[in-house]
Undergrad: 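Mind having a look at this structure? Questions to follow.
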Amino acid sequence: MKIAVTGKPFVGKTTIFRALTRAAEDHHAIDKPNIGTVKVPDRRINYLSEVFQPKKTTYAELIFTDIAGFEKTATSLEKQPEMLNQLKTAEALSVVCKLFDQDANFSPVQDIEEWESELLLSDLQTIENRLERIYKSSKGKKLRLHEEEKKLLLTCKETIESGTPLRALKLTGTEKKLLSGFQMLSIKPVIVIYNIADNWLGKSESELPNISKLQAYPNMAVTSICGEVELEIAQLDESERIEFMKGMDIEEPGLNKFIQASYGLLGLISFFTVGKDEVKAWTVKKNTEALNAAGEIHSDIERGFIRAEIISYEDFKNCGSMSEGKKKGLVRLEGKKYVIQDGDIINFRFNV
Ligand SMILES: Nc1nc2c(ncn2[C@@H]2O[C@H](COP(=O)(O)OP(=O)(O)OP(=O)(O)O)[C@@H](O)[C@H]2O)c(=O)[nH]1
Ligand SMILES: [Mg+2]
C-alpha cells in the first residue's frame, strides 16, 4: 500500500517524510521521489510479542513517497510524468498544508482547493483522452461495453466540471472496476495533514485557524502534525525520545496518529499470527474471507485450507494464553467463508 505525500512547495513534506521513515537525508531530486517503508505502530503486536517472546516481531507496513511540491499551473501535472506516475500509482494521497509560519496569512482551505483542482484537471484530461479513443475505435457503431464505459465517463466528467472530486461519487462494484484502470487521482482517499507550529500541539483540529470551511467529502481524513518536532523525535534514540516527549507533553508521536488514520482510511485491518518463531501482523482489506487471508500468507495454505482456528485479540488478552482461551471455548473453528475481523489471531490448518 503506497501513500504519496503531496502538497505545495515548502510546506514541510520532506520534513514529515523524513520523520516518518527516519530517513537521515533528503535524497530527492525534482523528478525522483523519496520512497520509504513505515511500520504501522500497533500496541497489540507489542503485547503479543511480550507474551510469545518470538525470535522475530513483524509489524504491518505502509510505503510512503515524497515528491516535489506542485504549483497551480494548468499543465503542471501533465508535464511532469514522473510526479504524475507517483500520484497515479499511490493508493491514497496525503496533502500537507503549512500552518507553522506564524507571520504568514494561512489559507489552508484555498491551498487544498487549489491542490484538488490539479487532480481534477488531470482526471479531466484522462477522461477526455479515453472518450476520444472510444469515439474513434467504435467508428459510429454502438458497442455495449463502450456504451457503459462512455456513460460512466460522462458522469465523471460532469462531476469534475462542477468542481467535485470523484471521491464524492457513489459507485457500484462494476463501475469501480471499470474506472480502476484509469488511476484517476480525485477518486483516491485523501489525508489532510496540517503542519502546525509547536505551540499548537495538543489542540484539536477544529481549533486551528481558518480551517472551518473545508468541504468534507467521503474518504477524507484530517490530522495535524508539527513536522519539525516529529523530525526531532524521530532522530532521538528510544530513551531520549520518551524524555523529550514528556518535556513537550506529547503522549504519542503525531505521526502515529497519521499512520493509523491512513490505515483506517484505506479500509485496512490487521490479523495476527503468533508463535515462538514470529509474531506478525498481516494486512488485508475489510471484508476479506478466511481463504483469501490464508493466501496472503502462502498459496499452499490457501490451496490446502482445512479451517482456521481463531481467537480475537481482546479474548486472548483476557485469557493471557492460548490454552486458557481453548479451555474457555474462546478459540473458534471457522471455514473458508469466514470474514476476517480486525485483531483476529489466526492459526490456519492446512494440508498439501
Ligand atoms: N517552523 C517549522 N518549520 C518547518 C516545519 N516543517 C518544515 N519546516 C521548514 O520548512 C522548510 C521546507 O521544508 P521541506 O520539508 O523541505 O518542505 P517540502 O514541502 O518538502 O518542500 P519542497 O520539496 O521543496 O516542495 C524547511 O526549512 C523546514 O525546516 C515545522 O513544522 N515548523
Ligand atoms: Mg521536499
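Indexing begins at 1, ligand by ligand and atom by atom, following the structure's order.
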Undergrad: Can you check whether I67 has an N/O within less than 3.5 Å of an N/O in ligand 1?
TA: no

Undergrad: Would you kindly specify which portion of F10 sits under 4.0 Å from ligand 1, judged on non-hydrogen atoms: side chain, backbone, both or neither?
TA: both

Undergrad: Quick check on the 6.0 Å ring-centre criterion: do Y47 and F272 meet it?
TA: no

Undergrad: Compare every heavy atom of G12 with every heavy atom of V96, then report the nearest pair and how far apart it is.
TA: CG1-C, 4.5 Å

Undergrad: At less than 4.0 angstrom from any non-hydrogen atom of P9, what atoms of ligand 1 do you find?
TA: 25 (O)

Undergrad: Just wondering, are more than 12 heavy atoms of other shown residues or ligands nearer than 6.0 Å to CG in D249?
TA: no

Undergrad: If you measure every N or O of D66 against every N or O of ligand 1, does any of those distances drop under 3.5 Å?
TA: no

Undergrad: Taking atom types as modelled and ignoring hydrogens, do the side chains of K2 and Q86 form a donor-acceptor contact shorter than 3.5 angstrom?
TA: yes

Undergrad: Are C97 and V11 packed together at the side-chain level, in the sense that at least one heavy-atom pair is separated by less than 4.5 angstrom?
TA: no

Undergrad: Which atoms of ligand 1 are found less than 4.0 Å from any heavy atom of G227?
TA: 31 (O)

Undergrad: Does any N/O atom on C226 come nearer than 3.5 Å to any N/O atom on ligand 1?
TA: no

Undergrad: Show me which atoms of ligand 1 lie under 4.0 Å from any heavy atom of T14.
TA: 15 (O), 18 (P), 20 (O), 23 (O)

Undergrad: Strictly under 2.8 Å, is any N, O or S atom of T14 next to the Mg ion (ligand 2)?
TA: yes

Undergrad: For atom CD of E158, decide whether the heavy atoms of other residues, nucleotides or ligands shown that lie under 6.0 angstrom number more than 12.
TA: no

Undergrad: Specify side chain, backbone, both or neither for N195, according to which of its non-hydrogen atoms lie closer than 4.0 Å to ligand 1.
TA: side chain

Undergrad: Evaluate ring pair (Phe, Tyr, Trp, His ring centres under 6.0 Å) for F10 paired with F100, printing each intermediate quantity in order.
TA: CA-CA 11 Å; F10 313 118; F100 58 77; over 10 Å; no

